[in-house]
Amino acid sequence: MTGSHRTQAGGRIDRQKKINFTFNGKSYVGMEGDTLASALLANGVHLLGRSFKYHRPRGIVAAGAEEPNSMVQLGEGAVTEPNIRATQISLYEGLSASSVNVWPSVEFDVSAMNGLFAKIFTAGFYNKTFMWPRDMWIKLYEPVIRRAAGWGKAPTTSDPDIYDHMHLTVDVMVVGGGPAGLSAALAAGRSGARVLLIDEQSEFGGSLLSLNRQIDGKNAAEWISETVSELAGMEDVTLLNRSIAFGYYDQNYLCVLEQRTDHLPQAMRKGKVRQRVWHIRAIEVVLATGAHERPLVFANNDRPGIMLAGAVQTYVNRYGVLPGRKMVIFTNNDAGYETAIDAKAAGANIAAILDAREEADGELIEAAKALGIRILPGYAITGVEGGKRVKAVEVRKIQKGAKVYTSAPERIACDLVAMSGGWSPVVHLFSQSQGKLHYREEEVCFVPGTPVQKQSFAGALNGSFSLSACLEEGAKAGAEAATKTGFTAKAANALKVDEPAMGRIEPFWIVPGARPVGEGGAKHFVDLQNDTTAADIELAVREGFESVEHVKRYTLTGFGTDQGKTSNINALAILSGILDKPIPKVGTTTFRPPYTPVSYGALAGRNLGDWSDPVRITSIHDWHVASGAEFENVGQWKRPWYFPKAGEDMHAATNRECLAVRNGVGVLDASTLGKIDIRGKDAAEFLNRIYTNAFAKLGVGRVRYGLMCHEDGMVFDDGTTARLAEDRFLMTTTTGNAAVVLDWLEEYLQTEWPELQVYCTSVTEQWATVSIAGPMAGKVMAKLAPEMNLSNDDFPFLSFKEGTVAGLKARVFRISFTGELTYEINVPWAQGRALWEAVMEAGAEFDITPYGTESMHILRAEKGFIIVGQETDGTTTPQDLGMGWIVSKKKPDFIGKRSYSRMDTSRTDRKQLVGLMTDNPSEVLPEGAQLVFDKNAPRPMPMVGHVTSSYYSAALGHSIALALVKGGHSKMGETIHAPLLDKTVTARIVDPVFYDKEGEKLNG
Amino acid sequence: MAKLANWITPAAALADSFPAGLKELAPRAQVSLRGNIDDKAFVDAVKTVAGVTLPKKANKVATGDKMKALWLSPDEWLLVGEEATQDALVAALEEALAGQHIAVNDVSANRTIFALEGLHARDALMKSCALDFHPGNFTAGDCAQTVIGKSPAIIEQVSLTDYHLYIRGSLSRYVGGWLAEALKEYSEK
Amino acid sequence: MLYIDCPWCGKRNETEFHYGGEAHIARPEDPSALSDEQWADFLFMRKNLKGPYAERWCHSNGCRRWFNVIRNTVSHEILAVYKMGETPPDLGPKKGEGV
Amino acid sequence: MAHSNSDAGAYARWNPGRKQGEPMVKYSIFTIARNAMTSHKNWPRQWRSPEPKPEYDVIIIGGGGHGLATAYYLAKEHGVTNVAVLEKGWLGGGNTARNTTIVRSNYLWDESAAIYEKSLQLWEGLSQDINYNVMLSQRGVLNLAHNLGDVREGVRRVNANRLNGVDAEWLDADGVKEFCPIINISKSARHPVLGATLQRRGGVARHDSVAWGFARAADARGVDIIQNCEVTGILRDGGKVTGVETSRGTIKAKKVAMVTAGHSSVVANMAGLRLPVESHPLQALVSEPIKPVINCVVMSGAVHVYVSQSDKGELVMGAGVDAFNSYGQRGSFHVIEHQLGACLELFPIFSRVRMMRSWGGIVDVCPDASPIISKTPVEGLYINCGWGTGGFKATPGSGWAFAHTVAKDEPHPLNAPFSLQRFETGALIDEHGAAAVAH
Ligand SMILES: Cc1cc2nc3c(=O)[nH]c(=O)nc-3n(C[C@H](O)[C@H](O)[C@H](O)COP(=O)(O)OP(=O)(O)OC[C@H]3O[C@@H](n4cnc5c(N)ncnc54)[C@H](O)[C@@H]3O)c2cc1C
Ligand SMILES: NC(=O)c1ccc[n+]([C@@H]2O[C@H](COP(=O)([O-])OP(=O)(O)OC[C@H]3O[C@@H](n4cnc5c(N)ncnc54)[C@H](O)[C@@H]3O)[C@@H](O)[C@H]2O)c1
Ligand SMILES: Cc1cc2nc3c(=O)[nH]c(=O)nc-3n(C[C@H](O)[C@H](O)[C@H](O)COP(=O)(O)O)c2cc1C
Ligand SMILES: [Zn+2]
């Protein structure tokens, strides 16, 4: 019976365009312009899901973002999505959706048995039970609870869709495209200001799309389309529909989720960006976010078919759907009457209007009367019949403020209840922006208080519920905002609006049922999604949870995916009643982003995979890839880890690479080291203060190794620095620390010692560095740079030369991290690849061997050289490393010096760097092994240190390790143990220099 | 002076996959210059050697007949000129500025330059950078040091719709790929 | 995302900057003259004020200048920006409270 | 104005309160069933709401988990019951209400391992001890390694933990996949998973229940819990503390213990103390509830995210602190975006899951990422602070040790290393390396 609930005509749907979709496996037909919710209602489907705790049948309540119930699992396979509200899904051809968290079906859900235990499952019940026997919690109770957890399901495969981010700066941002927002945007746009107007809905117009109104003698729809097209024609106006402002942060930073393809059939989405997060910086923000209607709290108010009156009006007027044929209206303000009138005009039978107010008169009431609608003033619903769909209501005359019924119950049959408990302005974004709310007694709602950022408010958000006020406030806010940003703007003349006058609203927070709240079978739901009832709130208070925040957490009100858009105010009003404390004193809970849920994919944008963190590569990288290198991540850099030949594992490859360096020649891409040019007449003095050792006397053309410490005395970087000229140095830093060190230098120069004349310039990527090392390095070098005098006298260790290498302008350093004769050749970065290839060619006859970071680590460990971050962990001083020789005693001060004399830092039994040799020469200790002196001590075992580096040394034919050991410097030759999971390894403490102690190989 | 030989940056490998509106430029001479803008001797000497008056105003580009100067910080500029002229420029500057508190560094290889051109150049930037590229705020002759995606960048606007982006060599493949992806949406239309 | 007014480059997103903590803690002229307690005070003790707070930022992805900011640590409002070496501006009795 | 038509007079009837020292009602399925029969109208308050007395033996400033636990253990272990906990807002509303609830004890250094392990042992019997289900769920905590440095540090920590008697395992990438099947361990990931430390006894607990449970148990032993009572001054006579000034008047005390997490500096300043702490925002978020997909806690320092799924189905996630100081209980949005990028690297199937709520807390961070549980230079004044991003797990242990320190006027050996003096001597307990994400 498709389309059976469609009205004859009207609405903003295209009755010619039929759309096929399925829900819970059943096929239906909707129309272009429908939401899933309107299409289902048109097909007579109200029951969409089940509640969380009791699994009670639940239907559609609202027509927009505030919907608490109708979450569905949308789509299938890789594109399935949990918990999407049917009211926010634009219908598209081929849509498929199903109910969430029901088994086997929404019609018959086994977990509805929970309802039988409803008396037990009160708020906070889990705190009070499941404690005995103790281990049953993890074995039984928790698993059972967890199985019941959650609504829909995450996909099981990766997301095929694309997401991205945009940044936009505007003069005026208008949030909400209802009458207030549209007129704000228009006023601002006409001034020439840069304006952004956004609305979450598929089209602009807001609640005007649901109302029968005349503006300026035109249909509202016409006014909307004229306004939108005028805006669209303005060069500096951006219009974004299907775009939700979900976060309002400091300094007018707003984030907006634009849904670009979610309304399209799957086949039309391919290759397009699905969702885009806009990052907006606005000088002025105009909030015109409207208001959400509030439900009324009465016995069994959760039955499918009980809806918000405004939503009913929306379905009737905007979607051409009659959600029910026989309606009961329950209201405490005039809005319900308009729903009745519109629904009646569309063909519904209005069984009665129950007006909680004893006295109500005015235009709409008169109009309803004139239509012959039965009006029951001072009446309320005290009971509901029907499980999966409301069948009838029990109504009584009720005296407000007391539990007194002044009439016998009457049963009124109906298939729909439209309720209106008043309006809650959508203050979410304002509150997120740190604004404080103000309570308006008259309108019974919270509105924004004083602006806290450059912002203003218009329309229903302000508690101004008439269309004329919305238009006027909007125009004024838009014009003022534009003016503040420096444009000349004025609000257009007021438009003539045809609208009914609205009377006063009377608060009516809770309707007692036949029995007191909390007794008997009926439940008064406050938060439909979390099954929080008025009785739960009473219980919370009874148990001492009096703060609104405690009530929220104890009862879970407002904790759901709707974040309590329809429930929070009712809950706090009920709380206010119990505590007998005025509503504003009770206060609201904290509004937090996002306004509505946002997919992780959209938030991550394109920052996935290799774009999650930029990959930095050297100019030689592609050669390494082509040569089959395995890579290691070092910070953002990719560095060759080792170069396996066919059939080699890492161990075999590094053995070969290391031996090549020790016996022949190896080559390393060292381009990743940080390089900083330091220049000025005080450069030497500056380095003297930065490094622990002295730099003032370093000769021009010479190079020195230095350690940098923090003020607390702990090592944080090391590297070599060359003196290029009297007033000029070139510093190298470790790969991961280049930017950190530069910031560090600048910090001291700019904040502590501005009197020093020094400039620092990063030249890291100006120079590609190729390091050739080994006894044959000199031979290779001679071929590459025939003109360069390579003799030890002319070009000694720790010096550099400028010249031509392989035809390229180069700077060559003689420094060594391997203990072998080494030339570090620097050429302009983009010529690195050419240099590398020249080196490979020149070295071919010596079987030159490329090596990676792993071999580099082994080679330096054989020499006892440290790696910052491996031998150090932020708690290591130079003295701990046995590098006291590099800490100047003469310099009056340098960074870190003062800290060495502190009590703990000057202890002589600190953890100190030593070498370890295992008793079994082929046993390689795991790095990170902890060390003890007494291997038989009970746990907790007194640990004396740990292994920082450990390798098999092919050159030495046995394993080697470096370790930090308590008092290690005075324990040479002693035995130490590493208790591992399955065995304990014994080693001897030795000097950390394992290879070529005398340094004879440095010169080849 | 000869063209720079064997000049290969990581971005080069992407050249074939770049959509219209994006390309890597041939290398240019790039020299980093530090000095005191309030010192007339400094400014004059640079003007004589490089033919350009260093901009004092933040985020501005000054154009001379041989080269241009991008403001990078209150005491730092990037001089950009013809390919392969950097050695001569460095030498001339060193000579002219001898004795002053300055720093001159050849950084021609430090950054590679992308040209981002055409109607959608600004859209691609808006996807990559939080700066405001509206013509009322950023226009030809403006430059900025900022971030593209997650990479540091210097952005220079060279004409109404064209931009040059100076990117660290090691990050050039990342940024090139990122921009190509950002433009894809528009080139497919 | 704070919007920080670099004294040179103008307003930029927080992500271009590096935070440097409390401002106006000068490195002692002669650290060796300090007691351990005084040295610890310099190294570790911070005012950590609630309300207006003078702090340092570096425009590390821009002009690389360090500068001072007075920012309210509750509202995150930036009340003043001034260069290194300059004395904090007088924000009047109300706003400048606690600086 | 008109309120609801619930009977306000009944409020008094529902809230008979409980006299000080009156035994609390024992919670169990049986008492629930019994109360169901009277429509739950007879439950007593979980804690009283007393007026402050003029004087107490001990005043605890701060009604977070640590303050309440301190009060509980003062009463239980040391018989000190003339105690008030003063909370400026609602109890448990500080970081206790807003943390991602990771509980573990696998810290690197001996000092840390000892106190966190003590805490974990207390956790293991806590629900029974305080007769309040804190929903401790020992589902295992994975700490992922993404580069060789991480691996080295992870192995180091596992070894140290084992020798300290703390359960710890090292898993390789396949082991990680087996333990948590939805993790992406692809070698081509930007930062591939190379392995992980696993503490099986680690897990999560229900944050609110911890505060409420300790409050109820402390109250039952006579402790006065006074909410909406902000301490505005600390009274001293010479070098000795004599009481506090509050928004509800002056209250005298022989001893005062400050346990105010994010506000440590503000409160310490009232006694003229400067602290080595800085307050930073730390953000967290939850997704919409989804059916269970992840049955352990996953933390990654290198890509910066940590994730678990609550018993209600939300994915509970967090990352590192915002860089700047703040008391705003909120941070910057880019931190959240960055964290979700990291999350999708590890869990690509979460791409279509949606963030439902995000929030922030204020954490007080020490330079060495370790807490302070210490006497102060002012006699009778004690401080417990600096837990930074990771103090929830320490709640019982911290309260236990702090209670000892306050009762005996000297630290327990477990907290002696966590003194204020360490910043002078240099004996810091630097947990940075092992705690890049220190939750
Ligand atoms: C987002 C986030 C995630 C975290 N994740 C974890 C995690 O996974 N695991 C973990 O172990 N830890 C985590 N932590 C840290 C943990 O939450 C805290 O270390 C711990 O909760 C601190 O407890 P507390 O009782 O000391 O502080 P709080 O709970 O903050 O209590 C301090 C109390 O002092 C009150 N107070 C302040 N000033 C005054 C005053 N003047 N007068 C009276 N009262 C005052 C405050 O209102 C507050 O209630 C996280 C923290 C955050 C913010
Ligand atoms: N009968 C009554 O008492 C009553 C009550 C309330 C409203 N109204 C009518 O409703 C209209 C109110 O006009 P208005 O312009 O103030 O509000 P509106 O409801 O017409 O428009 C607000 C718009 O903002 C959008 N929005 C809200 N939050 C958003 C977000 N975070 N991101 C993007 N978009 C968001 C909504 O989708 C909506 O389209 C008037 O016509 C008024 O008469 C009447
Ligand atoms: C472990 C944990 C789980 C949470 N789960 C939810 C949730 O399911 N729904 C929700 O709305 N908020 C949830 N929150 C967040 C709280 O609503 C709230 O944001 C947080 O406690 C901070 O308080 P505030 O936002 O009121 O400042 C959760 C918080 C924590 C610590
Ligand atoms: Zn700047």
Side-chain angles (χ1 to χ4, degrees), chain A residues 162 164-170 194 236 271-273 276 279 281 605-607 610-622 636-637 671-672 677-682 727-728 739 757-768 807-809 827-835 837, chain B residues 4-10 12-13 27 30 32-36 75-76 86-87 94 99 101-112 123 125-138 148-152 167-175 177-178 181-182 184-185 188:
Chain A
I162 313 165
D164 73 6
H165 292 170
M166 255 315 185
H167 302 268
L168 181 66
T169 308
V170 294
R194 289 163 70 187
D236 269 338
K272 299 200 174 99
V273 172
R276 171 169 290 165
H279 301 73
R281 200 61 92 162
R606 292 197 293 155
N607 299 301
D610 274 0
W611 286 336
S612 62
D613 189 21
V615 176
R616 296 181 73 179
I617 52 179
T618 73
S619 56
I620 311 169
H621 181 81
D622 290 339
Q636 291 181 327
W637 291 93
S671 307
T672 60
D677 182 89
I678 299 172
R679 181 161 180 187
K681 79 172 172 32
D682 299 314
D727 65 346
R728 192 169 182 196
Q757 287 201 352
V758 179
Y759 286 126
C760 299
T761 307
S762 166
V763 290
T764 297
E765 278 131 294
Q766 172 62 21
W767 299 105
L808 303 165
K809 186 186 102 175
V827 297
W829 203 78
Q831 291 168 326
R833 173 77 183 256
L835 172 66
E837 283 174 7
Chain B
L4 296 163
N6 301 310
W7 200 265
I8 304 175
T9 73
Q30 297 181 58
S32 157
L33 179 63
R34 312 285 304 265
N36 180 359
D75 58 13
E76 183 175 10
Q86 61 267 34
D87 289 349
E94 287 285 4
H101 173 39
I102 51 102
V104 180
N105 273 288
D106 173 12
V107 289
S108 308
N110 211 31
R111 297 189 184 89
T112 195
D123 295 309
L125 284 178
M126 282 167 69
K127 285 190 188 178
S128 317
C129 177
L131 290 195
D132 178 10
F133 293 102
H134 186 273
N137 185 65
F138 198 90
I148 292 269
K150 294 180 177 175
S151 163
I167 306 295
R168 295 288 189 111
S170 65
L171 287 159
S172 63
R173 190 170 292 176
Y174 162 80
V175 172
W178 173 278
E181 178 72 24
K184 213 159 125 195
E185 170 180 356
E188 274 170 1

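Below, chain A is the first sequence line, B the second, and so on; all start at residue 1.
Under the side chain to side chain donor-acceptor pair (under 3.5 Å) criterion, A/His279 pairs with D/Glu337, sequence neighbours left out. Not counting sequence neighbours, the partners of A/Arg728 by the side chain to side chain donor-acceptor pair (under 3.5 Å) test are A/Asp677, B/Asn105.
With chain B as partner, the option from A/Trp611, A/Trp767, A/Trp829 having the largest number of non-hydrogen pairs under 4.5 angstrom is A/Trp611. With chain B as the partner, the residue from A/Asp610, A/Ile617, A/Thr764 showing the most heavy-atom pairs under 4.5 Å is A/Ile617. With chain B as the partner, the residue from A/Leu808, A/Leu168, A/Leu835, A/Val763 showing the most heavy-atom pairs under 4.5 Å is A/Val763. Ranked by heavy-atom pairs shorter than 4.5 Å toward chain A, the options B/Ser170, B/Ala109, B/Ser32 are led by B/Ser170. Comparing A/Val615, A/Ile678, A/Asn607 by heavy-atom pairs within less than 4.5 Å of chain B, the highest count is held by A/Asn607. Note: B/Ala130 leads B/Pro10, B/Gly149, B/Ala130, B/Ser172 in heavy-atom pairs under 4.5 Å with chain A. By number of non-hydrogen pairs under 4.5 angstrom with chain A, the leading residue of B/His101, B/Arg173, B/Glu181, B/Lys127 is B/His101.
Interface remark: A/Asp727 contributes no atoms to any contact with chain B (heavy atom separation under 4.5 Å). In this structure, chain A has no heavy atom under 4.5 Å from any part of B/Val175. Using a 4.5 Å cut-off between heavy atoms, B/Ile102 touches chain A through backbone and side chain atoms alike. Residue A/Trp637 touches chain B through its side chain alone, counting heavy-atom pairs closer than 4.5 Å. Interface residue A/Lys809: only side-chain heavy atoms are found under 4.5 Å from chain B. For a residue to count as touching a neighbouring chain, one of its non-hydrogen atoms must lie under 4.5 Å from one of that chain's; by this rule B/Ala12 does not touch chain A. The parts of A/Arg606 that come within reach of chain B are both its backbone and its side chain, each placing non-hydrogen atoms under 4.5 angstrom from that chain. The parts of A/Ser762 that come within reach of chain B are both its backbone and its side chain, each placing non-hydrogen atoms under 4.5 angstrom from that chain. In this structure, chain B has a heavy atom under 4.5 Å from the backbone of A/Val758, while its side chain stays farther away.
In this structure, the side chains of A/Asp236 and B/His134 come closer than 4.5 Å at one or more pairs of heavy atoms. A heavy-atom distance below 4.5 Å is not found between the side chains of B/Asn6 and A/Arg833.
No donor-acceptor pair closer than 3.5 Å links the side chain of B/Arg168 to the backbone N or O of A/Glu765. Formation of a donor-acceptor pair under 3.5 Å by the B/Lys150 side chain with backbone atoms of A/Ser612 is found in this model. For B/Asp132 (side chain) and A/Thr169 (main-chain N/O), no donor-acceptor pair under 3.5 Å exists by modelled atom type.
Between B/Asp106 and A/Gln766, the closest heavy-atom pair is O-CD, 3.0 Å.
Salt-bridge annotation for B/Glu94 and A/Arg679: present, with a side-chain N of the basic residue lying under 4.0 Å from a carboxylate O of the acidic one. A salt bridge links B/Asp75 with B/Arg34: at least one charged nitrogen is closer than 4.0 Å to a carboxylate oxygen.
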